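Encoded as structure tokens, the structure appears first; notes follow it.
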Amino acid sequence: MAEVKVPFYGHVKQYLSIKKEIDANIEKVLMSGSYVQGPMLKQFEAELAKYAGAKYAIGVGNGTDALWLSFMAMGIGEGDEVITNANTFFATAEAIWIAGATAVLVDCDENTRCIDPKAIRKAVTKRTKAIVPVHLYGQCAPMDEIRKIADEFGLLVIEDNAQGIDGAGKNFKQGELSDVVCTSFIIQKNLGCFGDGGALWTNHQYVNDTVRKLRNHGSAARDHHSFGFNSRLDDLQAGVLSAKLKHITAWTDRRIEIAAKYDKGLKGLKFITIPCHRPGYRHVYHLYEIETVNAADRDVLLKYLNDNGIDAKTHYSIPIHKQEGFPWGKSARIAGSLANAEKNAASCISLPMFPELTDAEVQYVIDVLKAWKK
Ligand SMILES: *Cc1c(COP(=O)(O)O)cnc(C)c1O
């Protein structure tokens, strides 16, 4: 790649923009002498629950753990089928396998790239226990339609919100139409800490109580244990996240502003499609994902962007069922055609998208794309 003119992430820029607040929280934790399951974690969990409008928020080691710990707390495991996107980050399916359940992969909508409710309905069997819709690229899945299917068949719904924090649907908030919302705080996510981290929120007391035990060696009281794991969000990360949570809405607003600039600048181009934004939804643009109209153009266009100093990437060029060796002896089922997921994988390009991007950088990306000649 040529010298980077427009980077893909702004992690250091973001840190510098609120350095005082982050440093103050880090110092507070260091001086407290309490670094794991201490007061800062408690504070952040309370802030996150309030922000999410949920009764309970629980910090865990990472986003993948948030998913499978919820599955386990709800009794989802061997013999159960869990329906999710074929087009998602690998960890969504991985979490289903870690819990011992069968991953049932279904197609996405051809425009929004969110899970397709029609495909979910067709995939339901007697063994189906849960649906895990992914708020892919930052746009909420159609939770209202998914809730209807879940009610009809008596299914649990767990939102994979690793990419969608601060988002909402037209008539629903995250968590309003599901049992649990899971998220990741790895730095490239919209709310990121300086290491690994994750959380889930829920209104179910039993999920709260069980995950709190599972994440800490099955222990709710000193010296008492049931089967569990070690998956805790440490207090330094909680301090970073507590400082950042106050800014998430403003950062999302800036992402939306940048997306609108991209939309306007790229609209007329015949060789790409721009992201489909569901009317009335708060799409948080974790990624600004364009697709080449011809899949054959994708690698050429990606290289052209990179050669011009634009750090564009792909998310995700290989869908789960096309990974080498799939399903590695794990239990998986492909339900129906995955043509839309495969088209998405073959033609996707993520343009730089983070709140600290300057207008000039955004314009440069637009100008470079406009100047492309095959
Ligand atoms: C990042 C991500 C995860 C996993 O989060 P980790 O913190 O890396 O474990 C799960 N699902 C989706 C959709 C993600 O983007």
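Remember, it's 1-based here, ligands and their atoms both numbered in the order they're listed. No experiment lies behind these values; they were computed from the predicted model shown.
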Note to self: Side chains of Y262 and I274, heavy atoms from C-beta outward: is any pair under 4.5 Å?
What the structure shows: no
Next item on the list: Using a strict 4.0 Å cut-off to heavy atoms of T92, name the atoms of ligand 1 that fall inside it.
Entry: 11 (N), 13 (C)
Next item on the list: Report yes if the distance between the aromatic ring centroids of F89 and Y316 is under 6.0 Å, otherwise no.
Entry: yes
Note to self: If you take the centroid of each ring, where Trp contributes its six-membered ring, are F185 and F194 closer together than 6.0 Å?
What the structure shows: no
Note to self: Centre-to-centre under 6.0 Å for H315 and F8, is that the case here?
What the structure shows: yes
Checklist line | Contact atoms of ligand 1, heavy-atom distance to Q163 under 4.0 Å | finding: 13 (C), 15 (O)
Next item on the list: Give yes if a backbone or side-chain nitrogen or oxygen of T64 is under 3.5 Å from a nitrogen or oxygen of ligand 1, and no if not.
Entry: yes
Next item on the list: Please state whether Q188 comes within less than 4.0 angstrom of ligand 1, counting heavy atoms only.
Entry: no
Check: Can you check whether I349 reaches L301 side chain to side chain, under 4.5 Å on heavy atoms?
Finding: yes
Checklist line | Short N or O distance, D65 and ligand 1, threshold 3.5 Å exclusive | finding: no
Check: Is V134 touching ligand 1 with its side chain, its backbone, both, or neither, if touching means heavy atoms under 4.0 Å apart?
Finding: side chain
Next item on the list: Would you mind telling me if ligand 1 is within reach of the side chain of T88, the backbone, both or neither, using heavy atoms under 4.0 Å?
Entry: side chain
Notebook entry, point to check: Mind checking whether L67 has an N or O less than 3.5 Å away from an N or O of ligand 1?
Noted result: no
Next item on the list: Would you mind listing which atoms of ligand 1 come within a distance below 4.0 Å of any non-hydrogen atom of A91?
Entry: 3 (C), 4 (C), 10 (C)
Next item on the list: Anything under 30° is parallel, anything over 60° is perpendicular, the rest tilted; go ahead and classify W328 against W97.
Entry: perpendicular
